[in-house]
Amino acid sequence: MIGPAGTGARSVVEGRRLSELLSGFNYFFDAHRAVDDCEAGIALLTMKLPKSGERVLSSVLKTARQPTWRIFADAAPFEMKDVLKHRGYKWNADRALGPRAWWKEVPSDLIDAEVDFLQSEIFRSPVHLPMFEITAFQRYSMRAI
């Protein structure tokens, strides 16, 4: 059963777990019961985001369809690892997914800013960084990378 826990949605919705996402809208549900989990997921998709007023499902679909670029900070100095982690970079240990390096996915319109950051703050010189486009096909398919 899903129900309101308070009034109005918070200004920011964060988290990955269904219960965390719903708590952002001040809703609760009996987690880990199949029917309740399904109903809660459907209810979440019908809710409106607090800032834009857009339905969650519409926002999820729009975001999923937008390609991103995976940028690798290949050969970044070890002492810069904390700076990279703080900026949202993750370590890639799987050669099938790219070089063993710190990486981050960014939208197309932020590529130049991210490369500028890496060149000025991490490498402190112009470098050619490996990067490739990630579409919904690569992101959500077992057949892709």
Side-chain angles (χ1 to χ4, degrees), residues 2 4-6 8-29 31-34 36-145:
I2 184 170
R10 293 186 214 155
S11 61
V12 176
V13 179
E14 294 183 11
R16 291 184 175 193
R17 295 182 6 217
L18 184 56
S19 59
E20 293 171 343
L21 294 170
L22 282 169
S23 73
F25 291 94
N26 291 323
Y27 273 78
F28 70 93
F29 75 107
H32 308 300
R33 296 181 49 89
D36 292 339
D37 287 353
C38 291
E39 288 177 351
I42 292 168
L44 176 64
L45 294 173
T46 65
M47 293 178 180
K48 291 185 178 182
L49 293 170
K51 288 185 180 177
S52 67
E54 183 180 25
R55 297 262 179 220
V56 171
L57 178 59
S58 176
S59 178
V60 167
L61 290 174
K62 183 170 48 176
T63 301
R65 292 177 180 134
Q66 294 297 315
T68 57
W69 285 83
R70 187 170 293 170
I71 300 175
F72 290 88
D74 197 19
F78 178 79
E79 58 273 8
M80 301 306 286
K81 72 176 178 58
D82 291 330
V83 175
L84 291 165
K85 284 167 64 172
H86 182 69
R87 190 157 172 109
Y89 279 77
K90 300 172 189 160
W91 178 253
N92 175 43
D94 186 352
R95 288 227 185 259
L97 300 178
R100 289 177 50 95
W102 292 97
W103 65 273
K104 181 179 182 179
E105 281 188 31
V106 297
S108 300
D109 59 336
L110 296 180
I111 293 172
D112 292 338
E114 198 61 32
V115 169
D116 289 346
F117 163 78
L118 289 168
Q119 290 181 350
S120 65
E121 302 296 323
I122 303 301
F123 295 100
R124 303 207 170 134
S125 66
V127 292
H128 177 70
L129 300 169
M131 65 177 81
F132 56 88
E133 187 177 34
I134 304 290
T135 65
F137 178 76
Q138 284 96 18
R139 190 175 294 116
Y140 303 113
S141 174
M142 294 298 292
R143 294 170 284 180
I145 56 172

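Heads up: numbering here begins at 1 and tracks the sequence.
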**Request:** Give a yes or no answer on whether the side chain of Glu20 reaches the backbone of Arg16 with a donor-acceptor pair at less than 3.5 Å.
**Result:** yes
**Asked** So, does Asp74 use its side chain to make a donor-acceptor pair with the main chain of Leu129 at under 3.5 Å?
**Response** no
**Request:** Answer yes or no: is there an ion pair linking Glu121 with Arg87, defined by an N-O contact shorter than 4.0 Å?
**Result:** no
**Item:** Step-by-step side chain to side chain contact (heavy atoms under 4.5 Å, CB included) determination, Met47 to Leu22
**Value:** CA-CA 10 Å; Met47 293 178 180; Leu22 282 169; 3.8 Å; yes
**Request:** Using side-chain hydrogen bond (donor to acceptor under 3.5 Å, both in side chains) as the criterion, point out the one residue from Lys104, Glu114, Lys81 that pairs with Tyr89.
**Result:** Glu114
**Fill in**
So CG of Leu21 and OG of Ser19: to nearest 0.5 Å the spacing works out to 8.0 Å
**Message:** More than 12 heavy atoms of other residues, nucleotides or ligands under 6.0 Å from CG of Asp82: yes or no?
**Reply:** yes
**Request:** Please tell me if the side chains of Leu45 and Arg55 come closer than 4.5 Å, counting only heavy atoms from C-beta onward.
**Result:** no
**Prompt:** Testing Ile71, Asn92, Leu84 for side chain to side chain contact (heavy atoms under 4.5 Å, CB included) with Trp103, which one passes?
**Reply:** Asn92
**Item:** Exercise: identify the closest heavy-atom pair between Arg139 and Ile134
**Value:** NH2-O, 3.4 Å
**Prompt:** Which heavy atom of Pro99 sits nearest a heavy atom of Pro130, and at what distance?
**Reply:** CG-CG, 4.1 Å
**Any side-chain heavy-atom pair of Ile122 and Trp102 under 4.5 Å** = no
